[in-house]
K.L.:
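Can you keep this structure in mind? I'll have questions shortly.
Within every chain, numbering begins at 1; the chains are lettered A, B, ... in the order of the sequence lines, protein sequences first and strands thereafter. When reading the values below, keep in mind they use all heavy atoms of this one structure, side chains included, and skip hydrogens, waters and symmetry mates.
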Amino acid sequence: MSVDVKEFIPLMPEIFLLSMACIILIVDLYLSDANRSITYGLSVISLAITGLITFQLMPTSPEVVLAGTFVSDQMSAVLKMFVYLVTAIVMVYSGKYLKDRSIYKGEFFVLVLFGVLGMMVMISAHSMLTIYLGLELLSLCLYALVAMHRDSMNATEAAMKYFILGALASGLLLYGMSMLYGASGTLDLGELAKFIAAGDQTDLVLLMGAVFVVVGLAFKLGAVPFHMWVPDVYHGSPTATTLFIGTAPKLAGFAMIMRLLVEGMGDLHAHWQEYLIILAVLSMVIGNVIAIAQTNLKRMLAYSTIAHMGFVLLGILAGNEQGYSAAMFYTIAYAIMGLGGFGMILLLSRKGFEAEDLNDFKGLNDRSPWFAFMMLIFLFSMAGVPPTLGFYAKLAVLQAVVNIEMVWLAIVAVIFSIVGAFYYLRAVKIMYFDKAEDHSPITSSADMRATLSANGLLVVALGIYPSGLIALCVQVFS
Amino acid sequence: MESIYLTIALAPLIGAIIAGLFGKQIGRAGAHSVTILGVAISCALSFYVFKDLVFDGGAIFNGAVYTWAVSDGIRFEVGFLIDNLTAMMMVVVTFVSLMVHIYTIGYMADDDGYQRFFSYISLFTFSMLMLVMANNFMQLFFGWEAVGLVSYLLIGFWFKKETAIYANLKAFLVNRVGDFGFILGIALVLMYFNSLDYRDVFSASGHMANVTIQVIPGVDWSLMTVICILLFIGAMGKSAQVPLHVWLPDSMEGPTPISALIHAATMVTAGVFMVARMSPLYEMSETALSFVMIIGAVTALFMGFLGIIQNDIKRVVAYSTLSQLGYMVVGLGASAYAAGIFHLMTHAFFKALLFLAAGSVIIAMHHEQDIRKMGGLRKYMPITYITSLIGSLALIGFPGFSGFFSKDSIIEAVHASDITGSGFAYFAVLAGVFITALYSFRMFFIVFHGKERMDAHTKSHLHESPLVVTLPLILLAIPSVVIGYMTIGSMLFGDFFKDSITVFSQHDVLGKVGEGFDGALGFITHGVMGPAFWLAMAGVATAYYIFMMKPEIADNIKQRFHFIYDLLDNKYYADDFNDKVFASGSRGVGKLLWKVGDENIIDGMVVNGSAKTVGWVSGIIRHMQTGYLYTYAFVMIFGLCGLLSYLLFG
């Protein structure tokens, strides 16, 4: 098999990031703890340069290279750039939290960078094998990141659960892929699509393979009933890791669904649409209802994530350009809001204290009116209150669902959004109307404060002028 | 020019925002400077626009400046229609508003809500300008509601005063009744014309002459009549016509400057302006015109009676406002739109003057408003005295003063009209002249002449008001005298309104009146020989005789005709009727719905019930999250099996 060197050009971002991750790993060996911020700086700069490369290489039409295993198209470029952005912000938010817990190590940054690489591979995958490769790279990094805080019982337990359940899900996904391979004789998603279009769409092996694949995807996104790991892992991980797990991998997960279901099995839409309906409805119902009973903010946000992923699935199951772009818009919006929500926990945490309980937010308005307002924006956005980003995200998805004449689904989504509004508003009430028990000042760094404020204002700004981001998401699929 | 129009509308808004949101930072002087600057810019530019349009022959502007939304082919726009009618309204509104702004510096000097007050009145100026400059029904409605809102805020400006809160609630509720009719009218326009733009609606109105609709099934009504009457119901609320007049006297609970600006000169005349603006629609329905005329006549006459027995200085002026609004509406009903608008303009000046003069008296009397405790103020307050005299003479229509021209032309127009109800209206407006003169000069004599009835303390402090108060009085007194003389030729009998107001030839009463018109002096000569002048003189003489020479006559009449006095004193029992029937009736219905519908069914079952159910379910399902790995794996496998069986058996 001869490979033209030009074929590697679309891979430049991946190659660059891989090299940088290795260099950072080595440089970090020679750094003392006091100079660890060099690692931090290098990581952020690497992400920025990778972003630049990706932007420069943004293709106008899809380019499939390396014997059909890798694709570079507009969706991959846009999603990757959001992954870099979100990851860079994760690094900004995490610094002080990690220092306070003596886990401000090079491993964190290197593992995150390798995780990003895994996501990039997933996003650009054009073969089932590439998808699996990227997924495993990401997952292994995440398992290690969850376990970073070795002395914490919670973290170790969460890592163990995540690892075992993740292995189970990977097995199911791989099993599904092997069935698809068995039925079609190809790993290439383009070829698979052609095979399905030409062949027998009632082939049981093919359909069962689709079920297993959907299960694997649902696990990755955290859709009910494959969600059980989400609350425990979100809760048990160091919050910096939770922040990472809760945001960037959702973008990759969205890409994985798009690649496997839409590009690979577009003609089985009628089948997987039904599975996604079940998963989406269960996610919105269970996620929103159980979140009400939570007193731990990280667990509450975990269940809220599950509900939000239900919304993303709603967009995808619409099965047309409008639905895909709505789902992508929702995923990006969720990543931005999630950054803010978990970022607030990091902001309020300090040495020996995790501000992860709802009661830790009591009277936040008296302690810091500005950040109480920022949290209000994030919570309103997650609840879907206009004029925030979350409102337009929900609106776009609901429009897509209504347009395929599944009004009942939109009604269910709206009803459970209202149920969900309860726990978001309860948190707002706690911040604004309850008396503060904790009066210690907020001690986070200036860059984090600035970034978090920018994050909050972005949620409002994109809520007032959503057209740019919406247009971007629409353009990707047109 | 477009940017000039925008500046005119927005300058007061910017002033209001600065004074309202940053009142603490900029302080009292800052608040009045910034709002006065905003209104002064508006006023100067309005005069410029007026000059450009009327004297330099500038073009009429009619266009959108901002498209808010397009839905189903209907455009919702912010747009301006600037013709002679609008330009005149802009000048009146901004000029009176500027005077009131300046006056307020003196009147509200000791008030805690100083900045808030300036913010409100500037906001009002913006809203009123949006209303008169509108080129479509949506913006008209926006301005309509916005002035109503500010009026509500200002009536309740002293929100710790029980009566003020009652009054603003009342104004709000009564205006809701009117606005309900108004918005129904707009909805009908939208439904049949498929546009909210004046230009489209007016040009299409010709085709709608014979369209009928069935409001009550089986009865055909002319569409134009229904639209016009519904729109007029809005005007009845805003311009306080019987039976929706009840809020205006109570609105006097607000500070005097806003009584002058909002409840005399500008906002309450919005209804008159609106009907004149809609003249192409009203012309198509004689039924609606008759309705308008009769309502106006009833208001003009019967509200005048009430003025005779009031003892609160502001309430006397308030009832006179009601009565004068009635005159304007009668003019509209007679198709003499120009006369109605003309009276609107002269009235704006002299009534603002009278209110501000009353305010000046109130300041001097240390916020005493009862005229029975005044008297002989002439020698203490010469400027207030003279300006009040000018205002009163203008109000009763003394020949040569502005009110004379406008009122006489309305009376002549009604006389010339022959639609249903014009006979009654003619009687009402003539009798009204006598009544107007009687109550105006009753108050004038009691306040400024006769015995000094105030207590010694007040008396020792009596002095003329400061310059910021008297200057607006003087500036308003000038147009009160001369504006009628100067403009009657062009506004009433010339072609000033030819592009703004449509009158069908069969209704053209002003044309008939104008046949004999040979200049303002001739009009005066003609007026002196007519019955109106002599009735006014008789009113003044009666007032002088009864209240200055033989006060016991008044008491005598009061005792002998006590049933009439009671009827007037209770304002025809309209308030009691509203309180007992509408207010307690709706409270009863509300209470029923609240207790049974809301508390039991909605709150009890739907809201709390579903909340409890969700909470209960949530408490149960959370136990599924056991924390044991095998449970999690089991649920996953269970889910997989579920999906597989759905595939195989579903």
Side-chain angles (χ1 to χ4, degrees), chain A residues 157-158 160-165 167-169 171-172 175-176 204 207-212 214-216 218-219 223-233 235-236 271-272 274-279 282 285-295 299 302-303 415-416 418-420 422-423, chain B residues 13 17 21-22 24-25 66-73 75-78 142 598 601-650:
Chain A
E157 181 190 329
M160 200 63 202
K161 282 181 184 164
Y162 191 21
F163 178 63
I164 293 177
L165 294 175
L168 180 59
L172 293 174
Y175 191 47
L204 206 52
L207 295 181
M208 285 179 77
V211 171
F212 278 93
V214 167
V215 169
F219 177 84
V224 178
F226 311 100
H227 67 289
M228 306 291 267
W229 63 277
V230 178
D232 286 18
V233 169
H235 180 199
H271 287 277
W272 54 256
E274 294 185 334
Y275 310 145
L276 294 197
I277 290 176
I278 298 171
L279 296 176
L282 282 176
V285 174
I286 303 275
N288 279 320
V289 169
I290 304 197
I292 289 176
Q294 305 303 321
T295 54
R299 285 191 92 83
Y303 282 106
I415 288 177
F416 283 93
I418 296 170
V419 172
F422 170 78
Y423 57 86
Chain B
L13 177 65
I17 290 173
L21 298 184
F22 305 103
K24 258 188 210 158
Q25 286 82 355
Y66 176 68
T67 302
W68 182 47
V70 181
S71 172
D72 204 13
R75 303 178 72 82
F76 297 91
E77 292 171 330
V78 177
F142 165 80
D598 219 57
I601 297 178
I602 297 182
D603 277 359
M605 284 164 65
V606 181
V607 177
N608 291 338
S610 56
K612 272 182 199 144
T613 314
V614 170
W616 180 73
V617 171
S618 168
I620 299 217
I621 322 184
R622 68 180 294 205
H623 292 298
M624 277 169 58
Q625 194 81 20
T626 53
Y628 294 120
L629 195 51
Y630 58 79
T631 322
Y632 295 5
F634 172 74
V635 171
M636 277 175 70
I637 299 299
F638 184 77
L640 172 71
C641 294
L643 285 184
L644 278 177
S645 18
Y646 182 79
L647 168 69
L648 295 174
F649 311 113

K.L.:
Is any side-chain heavy atom of Tyr275(A) less than 4.5 Å from a side-chain heavy atom of Leu647(B)?
P.N.:
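Tyr275(A) reaches Leu647(B) side chain to side chain.
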K.L.:
Measuring heavy-atom distances to chain B, does Ile278(A) have an atom under 4.5 Å in its side chain, in its backbone, in both, or in neither?
P.N.:
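Side chain only.
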K.L.:
Non-hydrogen atoms of chain B under 4.5 Å away: do they reach the side chain of Phe422(A), the backbone, both or neither?
P.N.:
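Looking at Phe422(A), nothing touches chain B.
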K.L.:
Measuring heavy-atom distances to chain B, does Ala169(A) have an atom under 4.5 Å in its side chain, in its backbone, in both, or in neither?
P.N.:
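Interface part for Ala169(A): both.
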K.L.:
For Leu282(A), is it the side chain, the backbone, both, or neither that has a heavy atom closer than 4.5 Å to a heavy atom of chain B?
P.N.:
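Answer is neither: Leu282(A) stays 4.5 Å or more from chain B.
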K.L.:
Where on Ile292(A) is there a heavy atom nearer than 4.5 Å to chain B: the side chain, the backbone, both, or neither?
P.N.:
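For Ile292(A), heavy atoms of backbone and side chain both lie under 4.5 Å from chain B.
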K.L.:
In terms of heavy-atom contacts, does CZ of Phe212(A) have more than 12 from other residues, nucleotides or ligands at under 6.0 Å?
P.N.:
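Yes.
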K.L.:
Report which part of Tyr632(B) has an atom under 4.5 Å of a heavy atom belonging to chain A: side chain, backbone, both, or neither.
P.N.:
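Its backbone and side chain both get close to chain A.
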K.L.:
If you tally heavy-atom pairs under 4.5 Å against chain B, which of Trp229(A), Tyr303(A), Phe226(A) wins?
P.N.:
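Option with the top pair count is Phe226(A).
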K.L.:
Counting only heavy atoms from other residues, nucleotides and ligands, does the tally under 6.0 Å from CZ of Phe76(B) exceed 12?
P.N.:
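Above 12, so yes.
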K.L.:
Val215(A) and side chain to side chain contact (heavy atoms under 4.5 Å, CB included): which partner among Leu644(B), Leu640(B), Ile637(B)?
P.N.:
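Passing option: Leu640(B).
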K.L.:
Got a second to check how far Met228(A)'s CE is from Leu629(B)'s CG, nearest 0.5 Å?
P.N.:
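That separation rounds to 10.5 Å.
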K.L.:
Determine the minimum heavy-atom distance between Gly639(B) and Pro225(A), stating which atoms define it.
P.N.:
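Result for this residue pair: CA-CG, 3.7 Å.
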K.L.:
Which heavy atom of Leu168(A) sits nearest a heavy atom of Ala633(B), and at what distance?
P.N.:
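Reported closest heavy-atom pair: CD2-CB, 4.0 Å.
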